[in-house]
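Worksheet for the structure shown next.
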Amino acid sequence: MGSASSFEVSRGFSSQVEERVLLVRLPCNPIFPIGPIYLADHLHKCFPDLPQRILDLAALPVLDVERVLLATIDQFRPTLLVFSWRDIQIYAPVDGRTGNPLQHSFEVFYASNPLRRLRGAFGGLLLMKSHYGELWRNQRLVRHGLRAARRYVSHARAVLGGGAVSVFYEQLGRSLPKGTIVSVGEGELLLENLLRGVSLSDQRCFVVGEPVRAGLIHEQPESRPKTACDYDYISSIWPQLNWYLEGGDFYVGVQTKRGCPHNCCYCVYTVVEGKQVRLNPVKEVVAEMRQLYDRGVRGFWFTDAQFIPARRYIEDAKNLLTAIQAEGLNGIRWAAYIRADNLDAELAELMVATGMSYFEIGITSGSQELVRKMRMGYNLRTVLENCRLLVRAGFRQHVSVNYSFNVIDERPETIRQSIAYHRELERIFGPDKVEPAIFFIGLQPHTHLEQYGFEQGLIQPGYNPMSMMPWTARKLLWNPEPMGSIFGRICLEAFETEPGNFGRTVMALLERDYGVAPLEEALRAPVMGRAALANAVS
């Protein structure tokens with residue numbers, strides 16, 4: 001990080017009363033913007049008289065975003081611009097705003113028909129245009145917004161944070177306006193200290209134009225117990241709130257905890273949110289849900305990295321769901337990422353009774369051997385047992401099961417095991433209730449998989465993880481040989497035959513070509529010595 005004086009320039013601000021904060025969510029898919037909302041709520045509790053406004057550019061037509069941003073700055077005249085950049089989905093496995101990246105990539109890499117390769121190349125060019133266009137547009141919005149603010153307030157500052165920034169902060173920091181404060185991970189304390197004129201030298205951030213502290217992403221975040229978001233206040237500074245609530249089909253985000261204790265080889269949650277799980281007080285979570293409920297919200301998404309991250313948090317989940325029942329939040333539906341190995345019969349019954357209508361399981365593979373090699377921490381046998389508990393408790397809703405094929409040591413035997421495991425999940429919930437979501441990992445910085453790629457010579461230090469150039473994309477869309485071409489062929493056939501049912505079609509084609517292992521084989525994993533386990537992904 002830069003010198004201490006770089007983080008003390010905030011003392012140039014006169015006083016908190018004179019500050020005016022504009023929180024801007026940069027364009028992305030219109031998911032409920034819980035990050036900017038929680039930031040504004042925290043600042044309001046610290047500085048009750050601080051003028052704030054939230055501007056959600058994701059809720060506007062793309063052609064209007066810069067005009068509306070500049071008009072809002074002209075009217076509000078902020079001293080501090082806080083930009084939130086939610087995601088940079090370079091290798092998303094589903095249809096994006098310019099088509100399906102996975103399909104286009106696989107057509108270029110694996111199609112035998114030259115015309116199909118040409119189609120994939122054309123689609124890839126459109127994706128590249130969209131990707132780089134979004135990068136340049138969002139950075140332009142930061143530059144132009146800061147320039148507009150400084151026409152009224154010469155010392156106006158900009159802070160940039162959000163999920164995309166936390167992952168790609170080193171790359172983004174090279175092209176942002178000098179002096180911009182780049183926040184990694186949580187931003188509440190950073191903004192509070194900035195407005196108080198306190199040094200930011202102990203915060204997870206850096207100033208553009210100055211050296212970045214080595215290992216910044218791996219520093220553990222600091223946060224205080226969170227109180228219920230004040231949605232009366234939020235509605236007063238964010239007129240777009242009703243745009244999300246009036247539709248009725250949105251899940252509205254509520255956070256019950258931060259942090260993830262696991263060590264999955266490809267995931268960045270652990271480094272962004274930290275390994276220490278920090279629970280929000282149950283009464284505060286329920287009070288926040290009550291406010292939204294009274295505004296007509298019936299769909300809630302618990303935005304935690306994992307709703308039940310480990311068995312030690314089972315009782316905490318029970319306490320929360322029991323409190324929701326006691327609050328009388330009847331008729332709600334809720335969803336979350338679930339570590340399905342962390343349940344018991346009582347919790348399963350509470351989940352069903354309180355309205356769990358959908359959940360996602362990120363097991364990655366139906367082979368216990370590969371789950372272990374990827375450091376997932378799942379016991380697949382326990383997952384099956386707990387899924388049966390949910391069905392016995394009356395769960396009859398939708399389940400999404402994430403499979404990330406070909407991450408480490410995939411081979412025909414493990415494919416057969418994954419098919420066996422998936423068919424058992426279908427027997428438990430019903431084939432129409434289980435949706436296999438087929439992912440191919442997009443290699444991301446700061447993960448064990450990235451280190452594995454270095455050690456295997458698949459990528460070189462200094463590579464650009466935001467690149468969509470073909471020679472980079474083939475490495476970062478993780479599908480290495482010898483199985484890469486096989487999965488490429490299977491996925492292309494699925495796209496061609498039944499693109500609207502892609503996941504189930506991929507599983508059927510894999511079963512056609514490789515068969516099904518005995519379920520017990522999928523649930524067993526060879527005992528690995530400590531050295532062998534370390535070598536799997538280290």
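Everything numeric here is computed off the predicted structure, so don't read it as measured data.
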Is any NZ, NE, NH1 or NH2 atom of the basic residue among Glu186 and Arg278 found under 4.0 Å from an Asp or Glu carboxylate oxygen of the other? yes
Here the gap from Leu425 atom CG to Arg388 atom CZ, rounded to the nearest 0.5 Å, amounts to 9.0 Å
- Message: Checking the side chain of Gln255 only, and the main-chain atoms of Thr303 only, is there a donor and an acceptor separated by less than 3.5 Å?
- Response: no
task = Please determine if Lys318 and Asp344 form a salt bridge, counting it only when a charged side-chain N lies under 4.0 Å from a carboxylate O.
result = yes
Rounded to the nearest 0.5 Å, the CG atom of Asn402 sits from the CD1 atom of Ile361 at a distance of 9.0 Å
Is a salt bridge present between Glu511 and Arg416, judged by a nitrogen-to-oxygen distance below 4.0 Å?
no
**Study point:** Lys/Arg N to Asp/Glu carboxylate O, Glu493 vs Arg512, below 4.0 Å
**Key:** yes
Ring-face cation contact, Tyr378 with Arg372, 6.0 Å cut, 45° max
no
Residues pairing under side-chain hydrogen bond (donor to acceptor under 3.5 Å, both in side chains) where one sits in residues 432-447, two or more places apart or in two chains, turn out to be Glu435-Arg504
Measure centre to centre between the rings of Phe359 and His398, then say whether the value is under 6.0 Å. no
Taken to the nearest 0.5 Å, the spacing of Glu188 CD from Gln203 CD works out to 10.5 Å
Self-check item: Within-4.5 Å side-chain heavy-atom neighbours: Val24 and Val142
Solution: no
Item to complete: Decide if the gap between the ring center of Trp334 and the ring center of Phe307 is smaller than 6.0 angstrom.
Response: yes
* Asked: Just by distance, with hydrogens left out, do Thr256 and Asn280 show a side-chain donor and acceptor under 3.5 Å apart?
  -> no
- Under the side chain to side chain contact (heavy atoms under 4.5 Å, CB included) criterion, do Cys229 and Ile37 qualify, and how do the steps go? CA-CA 8 Å; Cys229 182; Ile37 289 171; 3.6 Å; yes
Any side-chain heavy-atom pair from Met507 and Ile438 closer than 4.5 angstrom? yes
Rounding to 0.5 Å, atoms CZ (Arg204) and CD1 (Ile217) come to a distance of 5.5 Å
**Study point:** Verdict with reasoning, Arg119 to Glu496, per salt bridge (Lys or Arg N to Asp or Glu O under 4.0 Å)
**Key:** CA-CA 13 Å; Arg119 183 178 72 177; Glu496 193 70 19; 3.8 Å; yes
- Task: Report the C-alpha distance between Lys226 and Glu288 in whole Å, list the side-chain angles of each, state the deciding distance to 0.1 Å, and finish with yes or no for salt bridge (Lys or Arg N to Asp or Glu O under 4.0 Å).
- Result: CA-CA 11 Å; Lys226 185 184 176 306; Glu288 184 171 316; 3.2 Å; yes
Any donor-acceptor N or O pair under 3.5 Å, side chains Tyr169, Gln171:
no
message = What I want to find out is whether Glu385 reaches Arg381 closely enough, with some N-O distance under 4.0 Å, to be called a salt bridge.
response = no
Rounded to the nearest 0.5 Å, the CD atom of Gln139 sits from the OG atom of Ser175 at a distance of 3.5 Å
Tested for side chain to side chain contact (heavy atoms under 4.5 Å, CB included) against Leu160, the lone hit among Leu26, Val208, Val82 is Leu26
- Message: Quick check: do Ser367 and Tyr421 have side-chain heavy atoms less than 4.5 Å from each other?
- Response: no
Between the side chains of Asn379 and Asp341, is a donor N or O closer than 3.5 angstrom to an acceptor N or O? no
Aromatic contact between Phe502 and Phe495, with the criterion being ring centroids under 6.0 Å apart: yes or no? yes
In terms of relative ring orientation, are Tyr337 and Trp301 parallel, tilted or perpendicular, with 30° and 60° separating the classes? perpendicular
Assess whether salt bridge (Lys or Arg N to Asp or Glu O under 4.0 Å) is satisfied between Arg489 and Glu107, documenting all intermediate values. CA-CA 9 Å; Arg489 174 181 55 78; Glu107 285 179 338; over 6 Å; no
Discussion item. Any non-hydrogen side-chain atom of His448 less than 4.5 Å from a side-chain atom of Asn263?
Written reply: yes
With distance as the sole test, does Thr180 use its side chain to make a donor-acceptor pair with the main-chain N or O of Leu176 at under 3.5 Å?
no
May I ask you to check whether Phe440 and Phe106 place their ring centers less than 6.0 Å from one another? yes
Quiz item: Hey, is the main chain of Val434 close enough, under 3.5 Å, to the side chain of Glu426 for a donor-acceptor pair?
Solution: no
Identify every side-chain donor-acceptor pair in residues 264-273 under 3.5 Å, counting partners at least two apart or on other chains, and give the distances.
from	atom 1	to	atom 2	distance (Å)
Tyr266	OH	Thr364	OG1	2.4
Thr270	OG1	His262	O	2.7
Glu273	OE1	Gly259	N	2.9

Under a 3.5 Å threshold, yes or no: a donor from one side chain and an acceptor from the other, between Gln417 and Tyr514?
no
*asked:* Whether Asp409 and Arg411 form a salt bridge (side-chain N of Lys/Arg under 4.0 Å from carboxylate O of Asp/Glu) is what I want to check.
replied: yes
